[in-house]
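Worksheet for the structure shown next.
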2 protein chains.
Amino acid sequence: MTKTRLAIDSRSDNSALKVVGDLKQDILTGYFKPGEKLKMARLKERYQVGVSPLREALSQLLIEQLVVVENQRGFKVHPVSREEMRDIYATRAEIEALCVGLAVEKGDDEWEAGILAAAHTMHKFGEMIDKDPQEWERRHQAFHTAIARGCNSPTLLQVRRSLYEKASRYRNLWLKENMANSDVFDANQKEHQQLVDALLDGDGDRARELIRQHLLSPSRALEQTPGLEELAG
Amino acid sequence: MTKTRLAIDSRSDNSALKVVGDLKQDILTGYFKPGEKLKMARLKERYQVGVSPLREALSQLLIEQLVVVENQRGFKVHPVSREEMRDIYATRAEIEALCVGLAVEKGDDEWEAGILAAAHTMHKFGEMIDKDPQEWERRHQAFHTAIARGCNSPTLLQVRRSLYEKASRYRNLWLKENMANSDVFDANQKEHQQLVDALLDGDGDRARELIRQHLLSPSRALEQTPGLEELAG
DNA sequence: CAATGAGATAATGTCGACATTTTATGATAA
DNA sequence: TTATCATAAAATGTCGACATTATCTCATTG
């Protein structure tokens, strides 16, 4: 029955690939808590596939450090810690600064145009942030990605994406409503404008410093958030 | 029979983990050529395991970009290209410079001692480079790792390791004997000494520039190497 | 003679089953 | 009552088998 289902929608991809996306989403959004045991029975139930695709998907998330495995004791969601949070955000800030610096050097007109377009798309959604925070986060990310893309290095951009995903896990766990704070939001918007100005002026040093501070501020906010150890269980 | 073999050596790890290491080595050293199709029958034969552990191992290498997968057409070794080689080496140079800069800021006495120890171990093997190039490469890598470790960031160091592995693939493919060239070797040793001096002086800017050039020179050598497209097939 | 297509061959992707190991349960003894 | 150990229950890791899909062979046709 399940076997024939694959035959019916013949355009279906590799089963594991779909599971990777869904499972990653479930971990990043916190549906599966940090440190939680991932029992095969439950995963089979949730994603409607056998163990083989599940183990393949989990193996991929293993390299991305979203799950951990113990020899004969199955898979667990990668635990969280303040230390790791600090490290991820600090590294992310450095990598993003690197991308920005290279982008200022190498970026062309198309790159600048992409930044302005993404900034426009993001600003237009400013008031809707309370209504659909997820869509705003998407546009926010698109804005920063448009900037970083100018470094023109697929390898570096992939490192950047991986770090973004790891960080978004921490963001989703604690910052769900803090984003709605209008003070920090206004400050964010101002920082974005300053960043765009520096980029179009070709001031790489200033842009690097701006982006570094921009990415470090949520880390400082998370630093003071209590209740980490409970989630880490 | 194969099933009971796992029971005999009871300390055996997860089967896939062993395969990941061996398979990665075989790809990095060029036993499996870039673009080559990885047929399950052959892999089963070589590593003496079933398809399930193999697919798990391949899934992990998939994220590390050492293999690629096409929907119903199985796995292939990730192809090589001059463009990717340039990108990997350039990114690696920037990341290593970042590690070095942070290490100069944060490094303590133990860090400095580790560098001197690794430098000694490497220099003592200088004349043996023709006899056992692989051992020299290990010590060379240990030297640079001792330096980078000072950045004190597990996340960043893991990015660094991943890039090193990708780059070592290109190095193994074309630079097997070029390393034995004594001119470039002497220049390398001199660069190492300059780097150590800059590090112990706490001159981060100079150290960053030195390491950047140090890592970019093999890329320039590989740039002029012909015969890439044949291997890419 | 080249191109097309049908049948045969081979390879992939998935599931169910089985052995092994871990974890939970409960009975016995000090 | 509590600690220890044997037994039961559950969960993991691996393999063989099967359906599906891709690739190869080769005869037929325009």
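Remember, predicted model here, so these are calculated numbers, not experimental data.
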Rounding to a whole Å, what distance do you find between [X]:[atom1] and [N]:[atom2]?
X        : N       : atom1 : atom2 : answer
Arg55(A) : dC15(D) : CZ    : P     : 11 Å
Lys37(A) : dA24(C) : NZ    : C1'   : 13 Å
Leu17(A) : dG13(C) : CG    : C1'   : 12 Å
Gln48(B) : dC15(D) : CD    : P     : 10 Å
Glu56(A) : dC15(C) : CD    : P     : 10 Å
Leu54(B) : dA11(C) : CG    : C1'   : 14 Å
Leu58(A) : dG13(D) : CG    : C1'   : 13 Å
Lys39(A) : dT23(C) : NZ    : P     : 11 Å

Scan the side chains in residues 109-122 of chain B for donor-acceptor partners under 3.5 Å anywhere in the protein, sequence neighbours excluded, and list what turns up.
unit_1	atom_1	unit_2	atom_2	d
Trp111(B)	NE1	Ala146(B)	O	3.3
Trp111(B)	NE1	Ile147(B)	O	2.8
Thr121(B)	OG1	Ala117(B)	O	2.9

Check your understanding: Under 4.0 Å between a side-chain N/O of Ser15(B) and OP1 or OP2 of dT14(D), yes or no?
Key -> yes
Practice item. Verify the contact: side-chain N or O of Asn14(B) to OP1 or OP2 of dT14(D), cut-off strictly under 4.0 Å; return yes or no. Key: yes
Check your understanding: Between dT14(D), dT14(C), dT12(D), which one does the side chain of Pro53(B) approach most closely?
Key -> dT14(D)
Exercise for review: With the side chain of Val49(B) defined as its heavy atoms from C-beta on, choose the nearest nucleotide among dC15(D), dT14(C), dG13(C).
Suggested key: dC15(D)
Exercise for review: Return the 5'-most residue of the pair Val51(A), Arg73(B) with respect to DNA chain D, ranking by each residue's nearest nucleotide.
Suggested key: Val51(A)
Check your understanding: Starting at the 5' end of DNA chain D, which residue's closest nucleotide do you reach first, Gly74(A) or Ser52(A)?
Key -> Gly74(A)
Practice item. Indicate, with a heavy-atom threshold strictly under 4.0 Å, whether Leu38(A) touches base, sugar-phosphate, or nothing. Key: sugar-phosphate
Practice item. With heavy atoms under 4.0 Å as the rule, sort Lys44(B) into base, sugar-phosphate or nothing. Key: nothing
Who passes salt bridge (Lys or Arg N to Asp or Glu O under 4.0 Å) against [X], sequence neighbours left out?
X        : result
Asp26(B) : Arg46(B)
Arg55(B) : Glu56(A)
Lys24(A) : Glu64(A), Glu165(A)

Exercise for review: Tell me, please, which residues at least two apart from Arg169(A) pass side chain to side chain donor-acceptor pair (under 3.5 Å).
Suggested key: none
Revision key, fill the gap. When Gly50(A) and Met40(B) are each assigned the nearest nucleotide of DNA chain C, the 5'-most assignment goes to Met40(B)
Check your understanding: So, Asp87(A) versus Ser153(B): side-chain donor-acceptor pair below 3.5 Å or not?
Key -> yes
Check your understanding: Does one side chain, of Glu96(A) or Tyr164(A), offer a donor that lies under 3.5 Å from an acceptor on the other?
Key -> no
Point to revise | Angle by which the axis turns from one end of the helix from dC1(C)-dG30(D) to dA30(C)-dT1(D) to the other, five pairs per end, to 10 degrees | key: 10°
